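The structure appears right after this line, and notes come after that.
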Protein chains: 2
Amino acid sequence: MDTTQRTDQARSADRRRRELLEAADRVVLRDGPGASMNAIAAEAGITKPILYRHFGDKGGLYAALAKRHTDALLDSLRAALDAPAERRERVEQTLDTYLAAIEARPQVYRFLMHPSEGGQQTEGFDVGKHSAPLLRRMGEELAHVIGDRLDLGPAGEQLARVWGHGIVGMMHAAGDWWLGERPCTRAELVRSLADLLWGRLAAAGDKVGGPGF
Amino acid sequence: MDTTQRTDQARSADRRRRELLEAADRVVLRDGPGASMNAIAAEAGITKPILYRHFGDKGGLYAALAKRHTDALLDSLRAALDAPAERRERVEQTLDTYLAAIEARPQVYRFLMHPSEGGQQTEGFDVGKHSAPLLRRMGEELAHVIGDRLDLGPAGEQLARVWGHGIVGMMHAAGDWWLGERPCTRAELVRSLADLLWGRLAAAGDKVGGPGF
DNA sequence: GGCTAATGTTACCGTAGGTAACACCATAGT
DNA sequence: ACTATGGTGTTACCTACGGTAACATTAGCC
């Protein structure tokens, strides 16, 4: 039958695709985001044109690769965001989940955050099109949760989006810096960031003798 | 004399270097971060090897280019950070200064934030080495200001650093998203972010009937 | 058997980063 | 005046990578 045939083919192609993605994963984890298509093909035991048939171009491959990890991380974050606990606890859990993930697999993190892509064709200057999609997705996700659960008045929807992206950016930048310098434990970092979100910056006192802040 | 000679040569080389950087600037602003060394050389009216003699490699050129813009932006931010006003006002001024800068010249911003470099030589996986240096420098700068002026107790130094990088990340991510979607005015964005830093997330009430947050 | 289609290959192209080797021209030293 | 030096500039080349065209090979279906 036509449909079963197409289904079979699709299933086979999907399996192959998964295998290729796993090979690509290994190479990217080993060689970093600069991994070449040749290297990936070699790891998969095949040659370049096959990769191109499956993924179109390097951007396609990397997008597929990123989607897997992004989805996985987003699932973890959703779980933390939905845990039954009070707000502060939940915020800390979410921060910790993210930081634990990037700590456990810095290569994956680096790959996701530094796409280094951006086909430079004719487009005039599409800022925003090139930012790491993971950050955007996390920001939107968080915005959704905030907007759903918090009563923020008339402009609450917009406020939630700003906060979603802002908090994600805070988490990301702090995590990136922390991963590089390791100046404190993960728990301390989580506490510090939660303190920041809880307004401790605004509440802190000026240093005696200082010019004030 | 030897010294005067070397000074003369150095002065000439410096002038040339500045000219080359200005040409590179024009090309990068026109063609985006993917601008080729050939294109830059052509714009400067010379050929590639000269660029390489002056800057070593593309990373060197881009680093020099980035340093100019980064220094300029940091100066603006320092001014806002040092303005005579109360804390909230100063925070808003700083946020606004940054956002006005990226709004005025998105190409420069895009270039600074997306180095897209990372010479893929043998290095094993230096996470943090590849993050945009601008973010790091802004984070350190802010950390310094916070640590200098706020009384944050015994672990204040470390807290200030976390907050510095965190706040800069928040500003960056929110700005990046805002620049792409333009969902509100700059002033509204500034207010929303300042509200977030002032603990409004922690203070907001749960939505009626929701699962709480 | 013969058609189609997927899977695989080799061999190639264009472009970009980077370099080697050579030419030009000023100035300094003798 | 004649050379040596050092900066400026060139052409021509190498390598590596993304991407593609054209050609084998094998499997299933009529």
Side-chain angles (χ1 to χ4, degrees), chain A residues 1-21 23-24 27-28 30-65 115-122, chain B residues 1-21 23-24 27-28 30-65 111 115-123:
Chain A
M1 215 192 296
D2 187 40
T3 51
T4 43
Q5 183 182 351
R6 271 197 74 227
T7 302
D8 268 13
Q9 290 177 356
R11 218 180 280 279
S12 168
D14 268 20
R15 221 186 23 244
R16 197 85 185 90
R17 199 183 146 96
R18 247 190 307 272
E19 289 171 17
L20 297 184
L21 277 178
V27 176
V28 166
R30 169 160 42 83
D31 296 354
S36 80
M37 295 297 268
N38 263 326
I40 293 172
E43 170 72 28
I46 52 162
T47 49
K48 268 194 300 178
I50 301 183
L51 284 181
Y52 283 94
R53 278 221 268 270
H54 274 272
F55 301 102
D57 61 353
K58 188 173 187 176
L61 204 182
Y62 275 32
L65 211 50
S116 293
E117 315 276 5
Q120 66 273 20
Q121 49 255 38
T122 59
Chain B
M1 218 190 295
D2 188 38
T3 52
T4 43
Q5 183 181 351
R6 271 198 74 228
T7 303
D8 268 13
Q9 289 177 359
R11 219 181 278 280
S12 168
D14 268 20
R15 219 184 26 242
R16 198 85 186 91
R17 197 182 148 94
R18 248 191 305 272
E19 289 172 17
L20 297 184
L21 277 178
V27 177
V28 166
R30 168 160 41 84
D31 296 354
S36 81
M37 294 298 268
N38 265 324
I40 294 173
E43 170 72 28
I46 50 162
T47 50
K48 267 195 300 178
I50 302 184
L51 284 181
Y52 283 95
R53 278 222 268 272
H54 275 273
F55 302 102
D57 62 352
K58 188 173 186 174
L61 204 183
Y62 275 33
L65 212 50
F111 167 69
S116 293
E117 313 278 5
Q120 66 275 17
Q121 47 256 34
T122 59
E123 54 136 2

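Not measured: the values here are computed from a predicted model. Proteins get letters first, then strands, A, B, ... in listed order; numbering begins at 1 in each.
Phosphate contact (OP1/OP2 of dG9(D), side-chain N/O of R16(B), threshold under 4.0 Å): present. The shortest distance between the side-chain N/O atoms of T47(A) and the OP1/OP2 oxygens of dG8(C) is not below 4.0 Å.
In terms of heavy atoms, L51(B) sits closest to M37(B) at CD1-O, 3.5 Å.
Spacing between atom CG of L61(A) and atom C1' of dG19(D) amounts to 13 Å, rounded to whole angstrom units. Computed from coordinates, the R53(A) CZ to dG18(D) P distance equals 18 Å when rounded to whole Å. Atom pair I50(B):CD1 and dG7(D):P shows a separation of 14 Å (rounding to whole Å applied). Atom pair Y52(A):OH and dG19(D):P shows a separation of 4 Å (rounding to whole Å applied). Distance, R17(A) CZ to dA6(C) C1': 16 Å, rounded to whole Å. For the pair H54(B) NE2 and dT8(D) C1', the computed distance is 8 Å after rounding to whole Å. We find that CZ of F55(B) is positioned 16 Å from C1' of dG18(C), with the value rounded to whole Å. In this structure, I46(A) atom CD1 and dT10(C) atom C1' are separated by 15 Å, rounded to whole Å.
Position along DNA chain D of the nearest nucleotide to P49(B) versus G56(A) favours P49(B) as the more 5'-ward residue.
To the nearest 0.5 angstrom, I50(A) atom CD1 is 8.0 Å from L20(A) atom CG. Here the straight-line distance linking atom CG of L21(A) with atom CG of D14(A) works out to 10.0 Å at 0.5 Å rounding.
The base of dG18(C) does not come close enough to the side chain of K58(B) for any donor and acceptor atom to sit less than 3.5 Å apart.
Note: F55(B) and Y62(B) fail the aromatic proximity criterion, with ring centroids not under 6.0 Å apart.
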